[in-house]
Amino acid sequence: MSTDQSRRAFLQRSAAFGLAGAASPFVLNLAAAGEAAAAVSSDYKALVCVFLNGGNDYANTVTPYDQASYDLYQKLRPELAYRRDSLTGTLLRPSVALPGGRQYALGPAMLPLLPAFDAGKLAVVLNVGTLAQPTTKTQYRSNGAVLPPKLFSHNDQQSYWQASSPEGAQSGWGGRMGDLFQSGNGSATLTCINPTNNAVFLTGKAAVQYSMGTGGPIQLTANSSLFGSASASAALKSIMSATHTNMLENEHGRIGKRSLDTYAQVAGALNAATPLATAFPSSNALADQLKLVARMISVSSQLGAKRQVFFVSMGGFDLHDNLAANQPILLAKLSSAMKAFYDATVELGVSDKVTSFTASDFGRTLVPNNDGSDHGWGSMHFVLGGAVRGQRFYGTPPVVADNGPDDLGQGRLVPTIAVDQYASTLATWFGVSDSDMSTVLPNINNYSPSSRNLGFV
């Protein structure tokens with residue numbers, strides 16, 4: 001193997017094992033990006049994945065409202081169901097009515113997102129979940145379909161959502177989009193940006209996620225006053241960025257120099273930026289992350305970025321207990337944070353260039369276990385942005401039932417929209433070509449071409 005091939009193999013393995021994704025004092029997540037297919041873009045676009053860790057309960061997020069469906073919902077979860085009159089204020093009135101008189105309302109705590117739906121900037125996608133190929137309940141029962149491995153497992157389904165592969169996946173579909181576009185950015189390092197915990201979603205074959213804190217880029221040890229000494233700090237910078245004859249030592253030095261340079265570039269741009277006028281809610285970790293995303297978008301032109309993928313997250317959704325008390329708190333934080341972020345993109349004049357979308361491990365059961373719900377499969381999700389064809393539902397409303405035609409029992413939904421189709425729709429808007437789609441989403445060819453773009457953006 002040649003020296004150049006050895007170098008590339010080392011970098012790829014380092015990224016795969018998470019070396020580059022860790023927010024260490026030296027920010028080793030800035031490992032060098034290899035050669036990627038060049039996708040030329042003249043405009044700016046950003047995708048923002050909002051991941052709800054733990055598996056969000058779908059039935060109290062997008063809740064049946066028409067009388068017949070509500071009665072079934074209330075009967076199946078009497079201790080968890082909202083009162084119907086409490087849902088009137090968040091009733092969703094779509095521009096295209098659902099068949100059979102079906103109606104939904106947002107959970108009452110999600111009121112901040114209602115104006116975006118009414119304005120046509122928010123879409124609701126029904127019954128999305130991890131699939132390897134189109135699958136029916138009958139096929140599931142008869143083992144007649146290839147299924148995602150380890151269904152109902154948190155770690156594996158989080159990974160399958162983000163990477164089309166269970167835990168141990170080496171790249172995610174956000175990162176694989178980054179592979180295609182990073183060479184068109186002023187700095188390849190700033191293509192995939194993560195202000196939350198490390199996530200496979202943003203790791204590409206070559207693209208590596210850039211970890212940040214909610215206050216900005218992570219302060220490097222060498223950029224601080226080391227032991228109160230400027231000369232000590234300068235010496236450390238020299239050690240971190242020095243060139244060497246040994247391949248591994250030289251690679252470490254190259255990464256160190258890139259880390260220092262990128263920190264200076266990003267910190268300088270953010271410090272010079274006009275502060276956002278949009279008010280973000282306080283005591284809300286998701287809002288803090290999204291405010292950082294908005295700030296990074298505000299300086300995207302200074303940083304030379306044309307395409308960026310962001311990942312933010314919030315936890316607490318694994319509500320086997322106390323769902324009625326705790327989920328509304330989470331949904332209120334989610335809604336207020338997403339609303340503020342959308343308002344910030346309007347302030348910046350880029351609302352039609354930025355699309356945010358929710359994702360989660362899985363949905364949960366409709367039938368409760370005590371005062372919570374158990375791990376499920378399909379769920380309801382939101383897409384928000386100026387380019388979104390909103391005030392609409394996408395997908396088929398599932399039958400509200402316990403062991404009905406659309407669920408495996410306990411209201412555990414069999415997804416009718418695959419994550420691949422959801423992702424393909426977003427990727428198409430982002431600029432991924434049909435010929436590159438299977439590189440980003442390896443299972444997409446299991447779906448008919450006509451079903452790969454759901455049309456919500």
Side-chain angles (χ1 to χ4, degrees), residues 12 15-16 36-39 41 45-51 123 125-135 145-151 156-182 191-192 199-209 307-311 355-362 377-379 381 383 387-388 394-395 414-457:
Q12 289 169 351
S41 303
K45 286 186 179 179
L47 281 172
V48 184
C49 178
V50 181
F51 205 90
V125 189
L126 301 171
N127 199 7
V128 186
T130 55
L131 291 171
Q133 63 182 55
T135 302
V146 176
L147 299 172
K150 302 180 182 178
L151 279 174
D156 293 286
Q157 295 313 297
Q158 287 175 7
S159 180
Y160 210 91
W161 246 99
Q162 298 178 29
S164 305
S165 185
E167 188 175 23
Q170 296 185 2
S171 69
W173 54 270
R176 293 191 291 264
M177 283 194 288
D179 289 338
L180 298 174
F181 291 97
Q182 66 175 3
T191 303
C192 299
V200 70
F201 176 77
L202 286 183
T203 299
K205 303 290 186 180
V208 180
Q209 56 192 300
R307 289 290 185 274
Q308 291 183 295
V309 187
F310 297 88
F311 183 89
T355 299
S356 56
F357 61 95
T358 60
S360 190
D361 320 15
F362 34 63
W377 194 356
S379 192
H381 287 285
V383 187
V388 173
Y394 292 83
V414 180
T416 48
I417 292 176
V419 172
D420 298 87
Q421 295 165 294
Y422 186 67
S424 177
T425 307
L426 294 163
T428 298
W429 172 79
F430 198 61
V432 176
S433 66
D434 290 344
S435 60
D436 285 327
M437 198 64 72
S438 61
T439 300
V440 174
L441 300 163
N443 295 328
I444 196 62
N445 289 331
N446 294 335
Y447 302 87
S448 65
S450 63
S451 71
R452 295 176 194 171
N453 189 339
L454 303 175
F456 54 71
V457 64

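Just so it is clear, the model here is predicted, and its values are computed rather than measured. Note that the numbering runs from 1 along the sequence shown for the chain.
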Inset, instruction - Output the distance between atom OG (S165) and atom CG (N443), rounded to the nearest 0.5 Å. - result: 9.0 Å
Inset, instruction - Let me see the working for L147 and W377 under side-chain contact (heavy atoms from CB on, under 4.5 Å), right down to the final yes or no. - result: CA-CA 12 Å; L147 299 172; W377 194 356; 4.0 Å; yes
Legend entry - D179 (side chain) donor-acceptor with A206 (main chain) under 3.5 angstrom: yes
Legend entry - Validation row: Y160, K150 side chains within 4.5 angstrom (heavy atoms): no
Legend entry - H381 versus S379, closest heavy-atom pair with distance: NE2-CB, 4.0 Å
Inset, instruction - Would you sort out whether S433 and D436 count as a side chain to side chain donor-acceptor pair (under 3.5 Å), showing the intermediate values? - result: CA-CA 5 Å; S433 66; D436 285 327; 3.2 Å; yes
Inset, instruction - Measure the shortest side-chain to side-chain distance between L47 and T355 over non-hydrogen atoms and say whether it is less than 4.5 angstrom. - result: yes
Legend entry - Q157 side chain vs T130 backbone, donor-acceptor pair below 3.5 Å: no
Legend entry - Note, F430 side chain near V309 side chain (heavy atom, < 4.5 Å): yes
Inset, instruction - Please name the pair of heavy atoms, one in V440 and one in P442, separated by the smallest distance, quoted to 0.1 Å. - result: O-CD, 3.6 Å
Legend entry - Donor-acceptor under 3.5 Å (N446 side chain, A132 main chain): yes
Legend entry - Nearest non-hydrogen partners of A207 and C192, listed with the distance: CB-SG, 4.2 Å
Legend entry - Side chain to side chain, W173 and V419, heavy atoms closer than 4.5 Å: yes
Inset, instruction - Determine the minimum heavy-atom distance between C49 and A359, stating which atoms define it. - result: SG-CB, 4.2 Å
Legend entry - L202 vs F310 side-chain heavy atoms within contact, under 4.5 Å: no
Legend entry - Nearest heavy-atom neighbours spanning Q162 and A199: OE1-CB, 3.6 Å
Inset, instruction - Flag the pair N445 / R452 as yes when at least one side-chain heavy-atom distance between them is below 4.5 Å, and no otherwise. - result: yes
Inset, instruction - Locate the shortest heavy-atom distance separating T416 from L126; write the atom from each residue and the value. - result: OG1-O, 4.2 Å
Inset, instruction - Kindly indicate whether the side chain of Y394, heavy atoms from C-beta on, has any atom under 4.5 Å from the side chain of V128. - result: no
Inset, instruction - Describe, in one word, how the ring planes of F456 and Y422 are oriented to each other, choosing from parallel (under 30°), tilted (30 to 60°) and perpendicular (over 60°). - result: tilted
Inset, instruction - Give, for atom NZ of K205 and atom CD of Q170, the distance between the pair rounded to the nearest 0.5 Å. - result: 7.0 Å
Inset, instruction - Please determine, by modelled atom types, if R176 and S171 share a side-chain donor-acceptor pair under 3.5 angstrom. - result: yes
Inset, instruction - Step by step, work out the side-chain contact (heavy atoms from CB on, under 4.5 Å) result for V457 and F357. - result: CA-CA 11 Å; V457 64; F357 61 95; over 6 Å; no
Inset, instruction - Nearest 0.5 Å please: distance from the CG atom of L426 over to the CG atom of L454. - result: 9.0 Å
Legend entry - D361 side chain to Q158 backbone, donor-acceptor under 3.5 Å: no
Legend entry - Nearest-0.5 Å distance that lies between atom CE in M177 and atom CZ in F201: 5.0 Å
Legend entry - L151 side, atom CG; D156 side, atom CG - distance, nearest 0.5 Å: 9.5 Å
Inset, instruction - With the side chain counted from C-beta on, respond yes when W429 and N453 share a heavy-atom pair under 4.5 Å apart, and no when they do not. - result: no
Legend entry - Spatial distance of atom OG (S424) from atom CD1 (I444) [nearest 0.5 Å]: 4.0 Å
